[in-house]
Chemist: 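Below you will find the structure I want to go over with you.
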Amino acid sequence: MVFLIKISEASWTRLFTALDAAVLGFWAVTGVNKTLAVGLGWLPAILLGTVTAVGGGALRDVVLGRVPAVFGGNGLYATVAVAVAGVTVICVYLGVPAIGAGLGITLALAFRLTAVRLGWNLPNSLDWQPRSRMAATRRHGTGTAARNGKEEQSHPRKETS
């Protein structure tokens, strides 16, 4: 089959992203259902569903020799897992676990593919900028030089001859 069907790199990337989104939903739904089946509450179910989904994707990426998607800062990976786990828990508590599984996987596909297509990402620590003078002072130090707008080096460089 591989020799008969030509798949471009762009097509493979789109297919992999869609399959990854569906599998993320499957893992989250499975983690939630297993957690609730052993009698734990809704919060452990959401946490374990999220960890199961993110852990499964991270394990796959490590085996493939790639940086795990959850660390790559792309497409709200863990956020999608939390949303799917939450929807699944709600559906299980409403007495419709099968609808919860289908809805969770559909939500994972829609939410993850939209996030990847539109470039939605959560801000990381390097993107955050203090919005107040107090926050800037706390972030850059509390010394008088920091308050005067000058940065002090914590370890001055040694000059070489």
Side-chain angles (χ1 to χ4, degrees), residues 1-132 134-140 142:
M1 284 301 268
V2 172
F3 295 110
L4 298 175
I5 300 173
K6 181 177 169 78
I7 297 177
S8 69
E9 186 176 349
S11 297
W12 172 248
T13 301
R14 285 192 302 270
L15 177 64
F16 183 80
T17 303
L19 290 174
D20 181 45
V23 170
L24 180 73
F26 280 118
W27 278 113
V29 167
T30 301
V32 166
N33 285 330
K34 290 288 186 182
T35 304
L36 292 174
V38 297
L40 295 174
W42 64 271
L43 184 58
I46 290 175
L47 293 174
L48 288 171
T50 302
V51 169
T52 302
V54 171
L59 183 61
R60 179 215 51 232
D61 288 340
V62 167
V63 167
L64 292 175
R66 299 177 356 177
V67 174
V70 70
F71 297 135
N74 62 16
L76 305 176
Y77 200 78
T79 306
V80 171
V82 170
V84 170
V87 165
T88 305
V89 165
I90 290 170
C91 288
V92 168
Y93 276 112
L94 291 175
V96 285
I99 291 175
L103 188 60
I105 294 165
T106 304
L107 176 68
L109 277 164
F111 194 13
R112 175 93 168 112
L113 293 177
T114 302
V116 169
R117 178 179 279 282
L118 299 178
W120 293 346
N121 290 313
L122 294 175
N124 62 27
S125 62
L126 298 177
D127 293 338
W128 183 81
Q129 296 296 322
R131 302 220 188 268
S132 69
M134 182 176 178
T137 303
R138 293 199 65 197
R139 181 173 180 168
H140 296 295
T142 56

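Because only heavy atoms are used, hydrogens play no part in the values below, and waters and symmetry mates are left out as well, while side chains stay in.
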Chemist: Residues two or more places apart in sequence or in another chain: which of them pass side chain to side chain contact (heavy atoms under 4.5 Å, CB included) with Ala101?
Modeler: Val29
Chemist: Could you tell me which residues satisfy side chain to side chain contact (heavy atoms under 4.5 Å, CB included) with Leu118, sequence neighbours excluded, listed by chain and number?
Modeler: Thr114, Trp120
Chemist: Over all heavy atoms of both residues, which pair between Pro44 and Gly41 is shortest? Give the atoms and the distance, please.
Modeler: CD-O, 3.4 Å
Chemist: Write out all pairs satisfying salt bridge (charged side-chain N to carboxylate O under 4.0 Å, His left out) with one or both partners inside residues 19-38, taking only residues at least two apart or from two chains.
Modeler: Asp20-Arg60, Asp20-Arg112
Chemist: Using the test side chain to side chain contact (heavy atoms under 4.5 Å, CB included), find all partners of Ala28 that sit at least two apart in sequence or belong to another chain.
Modeler: Ala53, Val84
Chemist: State which residues pass side chain to side chain donor-acceptor pair (under 3.5 Å) with Asp61; sequence neighbours excluded, sorted by chain then number.
Modeler: Arg66
Chemist: Which atom pair, heavy atoms only, marks the closest approach of Val32 to Ala45?
Modeler: CG2-O, 3.4 Å
Chemist: For Ile46, run the side-chain contact (heavy atoms from CB on, under 4.5 Å) check against Ile90, Val89, Thr35 and tell me which one passes.
Modeler: Val89
Chemist: Give a yes or no on this: more than 12 heavy atoms of other residues, nucleotides or ligands lie within 6.0 Å of atom CG of Leu19.
Modeler: yes
Chemist: Strictly by side chain to side chain donor-acceptor pair (under 3.5 Å), give each pair with a member in residues 42-52 just once, sequence neighbours left out.
Modeler: none
Chemist: Could you walk me through whether Asn33 and Val92 pass the side-chain contact (heavy atoms from CB on, under 4.5 Å) test, one step at a time?
Modeler: CA-CA 8 Å; Asn33 285 330; Val92 168; 3.6 Å; yes
Chemist: Please find the pair of heavy atoms, one from Val54 and one from Ala81, that lie closest to each other, and give the distance.
Modeler: CG2-CB, 4.2 Å
Chemist: Once salt bridge (charged side-chain N to carboxylate O under 4.0 Å, His left out) is applied, what residue pairs with a partner in residues 84-98 remain, sequence neighbours excluded?
Modeler: none
Chemist: Enter the distance from Leu36:CG to Thr88:OG1 here, rounded to the nearest 0.5 Å.
Modeler: 9.5 Å
Chemist: Output all residues satisfying side chain to side chain contact (heavy atoms under 4.5 Å, CB included) with Ala83, sequence neighbours left out; order by chain, then residue number.
Modeler: Leu107, Phe111
Chemist: If you compare all heavy atoms of Ala108 against all heavy atoms of Gly25, which two are closest, and at what distance to 0.1 Å?
Modeler: CB-CA, 3.6 Å
